[in-house]
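Here's the structure, in structure tokens; my notes come after.
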There are 2 protein chains.
Amino acid sequence: MSQAEMDQAEVVKSDTRTDTKQRILDAAEKLFAREGFHNTSLRAITGEAGANLAAVNYHFGSKEALLDKVIARRLLPLNELRRTRLLRVREESRLENRRPRVEETLRAFIEPTMEFRDSEPGADDFMSLIGRALSEPDDTVRKIFITHIKSIFYLLFETLCDALPEICRETIFWRLQFSMGALSHILRTVGKFELSHFPEGVNPLPDTDAMMAMLVPYLVQGMEVR
Amino acid sequence: MSQAEMDQAEVVKSDTRTDTKQRILDAAEKLFAREGFHNTSLRAITGEAGANLAAVNYHFGSKEALLDKVIARRLLPLNELRRTRLLRVREESRLENRRPRVEETLRAFIEPTMEFRDSEPGADDFMSLIGRALSEPDDTVRKIFITHIKSIFYLLFETLCDALPEICRETIFWRLQFSMGALSHILRTVGKFELSHFPEGVNPLPDTDAMMAMLVPYLVQGMEVR
DNA sequence: CAAAGATTCAAACAAGTGTTTAAATCATTC
DNA sequence: GAATGATTTAAACACTTGTTTGAATCTTTG
């Protein structure tokens with residue numbers, strides 16, 4: 001019985017963990033992020049992980065199932081952080097009998113992303129991966145990502161609607177799309193610019209705090225127009 | 001002598017135009033935009049164009065050279081429109097002894113994009129293509145795109161710096177990055193959303209004017225923060 | 001018409017893809 | 001220590017990729 005079949009049958013993982021699965025997940029995360037899903041071969045992944053070519057199909061079932069695990073492994077815990085913070089924003093505003101504030105709402109979504117990025121090793125690669133997920137031409141990556149992001153996105157959207165009752169839902173939706181575009185663009189490009197592309201007097205690599213200090217006011221202003 | 005060699009030698013194109021080149025360019029634009037560069041095979045392109053497989057290598061030299069032509073064919077005229085409008089903004093502000101306005105500067109860059117999109121058939125596919133160009137993991141597409149967009153981007157950046165002298169260049173640069181992220185996100189996703197992803201009460205398909213009416217104020221507010 | 005050159009065509013090329021298989025090895029349990 | 005099941009391994013599978021080739025066809029020119 002293969003590992004993939006065991007997982008599908010929801011059998012509890014064996015107590016003696018082989019770390020081959022982990023090494024493959026790490027290698028896949030890194031390569032998917034840097035080269036893209038379709039430009040990364042299973043041979044490249046297993047080579048990087050020091051595993052046999054057949055290991056991916058044995059442990060995960062297929063390349064696509066591997067991608068799902070790569071995304072779910074980090075996105076599910078991250079979304080729990082986001083959900084906790086968004087619910088706290090909603091609860092606090094309710095207790096204080098006021099509306100949620102746009103800034104704290106956006107921060108509740110974005111800050112866990114950035115903290116996550118700096119905390120776990122390899123998470124920066126993961127951020128590039130999900131930063132690109134929405135713009136992947138291929139259905140594979142996009143659909144898997146949307147599956148895992150959908151509910152938290154709706155919670156963010158509804159909280160913003162509560163924060164901005166005078167603005168119609170449609171306008172808020174599209175402004176949120178603009179914001180997601182800006183955020184994902186930064187997530188996938190920061191640290192990837194080539195020096196030659198910077199005008200003089202521009203620091204190529206602001207740290208996370210400096211980036212947040214520029215990004216959040218930009219997004220808040222855009223959301224609150226009028 | 002192949003067509004590609006003739007082009008390389010800068011020989012004048014034969015007066016008897018085969019439209020095979022055009023059909024290949026159109027098919028490639030469509031497929032690159034919808035499936036991505038690496039997910040599109042030459043067989044798919046030549047099949048769509050009703051041409052022989054070898055036609056791409058004969059007329060363009062390679063798949064990569066074809067991509068360059070696909071991008072250059074539309075981006076060079078588009079950038080000329082943008083340059084003309086940006087230079088007019090600069091000239092008018094100079095004559096009136098004032099600074100350029102952020103809104104007219106951004107419009108000078110964005111409006112030609114949108115008008116272009118609606119004018120020529122196939123241009124909507126092209127917009128998806130360049131909307132994704134910056135986020136392609138692979139160097140191929142990104143480098144070709146950057147080559148053709150660099151100078152107009154600098155002109156836009158410098159004009160914004162003139163418009164916002166009280167804000168440091170670095171901040172303006174990153175806000176412009178946020179704006180480019182928002183713009184490219186919209187360019188590549190509009191019309192591609194799945195209905196099921198829209199919260200209720202949100203119109204899935206605003207037209208170009210409605211989108212501009214939401215996007216421009218959003219970007220202007222973000223650029224002008226503080 | 002005939003020569004010349006541009007274009008198309010079918011076929012093959014070498015290389016790379018994800019997946020499967022069956023034997024070999026390892027780990028655990030009785 | 002033998003048996004059982006999980007894991008690893010090398011090899012092959014069927015398929016797709018971009019590119020090249022040399023002959024066939026079309027177009028233009030002399």
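The basis for the numbers below is simple: all heavy atoms, side chains too, and nothing from hydrogens, waters or symmetry mates.
For C:dT8, the OP1/OP2 oxygens have a side-chain nitrogen or oxygen of B:Thr20 closer than 4.0 Å. Residue B:His59 has no polar side-chain atom (N or O) positioned under 4.0 Å from OP1 or OP2 of C:dA6.
Atoms CG (A:Asp19) and C1' (C:dA27) sit 14 Å apart, rounded to a whole Å. With rounding to whole Å, B:Phe60 atom CZ is found 15 Å from C:dA6 atom C1'.
A:Thr159 is linked by a side-chain hydrogen bond (donor to acceptor under 3.5 Å, both in side chains) to A:Arg90, counting only residues two or more places apart in sequence or in another chain. Considering only residues two or more places apart in sequence or on other chains, A:Glu48 meets the side-chain hydrogen bond (donor to acceptor under 3.5 Å, both in side chains) condition with A:Lys30. Taking the ring-ring contact (aromatic ring centres under 6.0 Å, His included) definition, one finds that A:Phe178 meets it with B:Tyr218, sequence neighbours left out. Scored by the side-chain hydrogen bond (donor to acceptor under 3.5 Å, both in side chains) test, A:Asn39 finds no partners at all (sequence neighbours excluded). Evaluation of the side-chain hydrogen bond (donor to acceptor under 3.5 Å, both in side chains) rule for A:Glu170 yields no partner, not counting sequence neighbours.
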- [ ] List the protein contact pattern of nucleotides 12-21 of chain C with one symbol per nucleotide (5' to 3'): B for base contact, S for sugar-phosphate-only contact, - for none; contact means a heavy-atom distance under 4.0 Å.
- [x] B----BBBBB
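Inspection of the B:Arg83 and B:Ser151 side chains reveals an N or O donor paired with an N or O acceptor under 3.5 Å.
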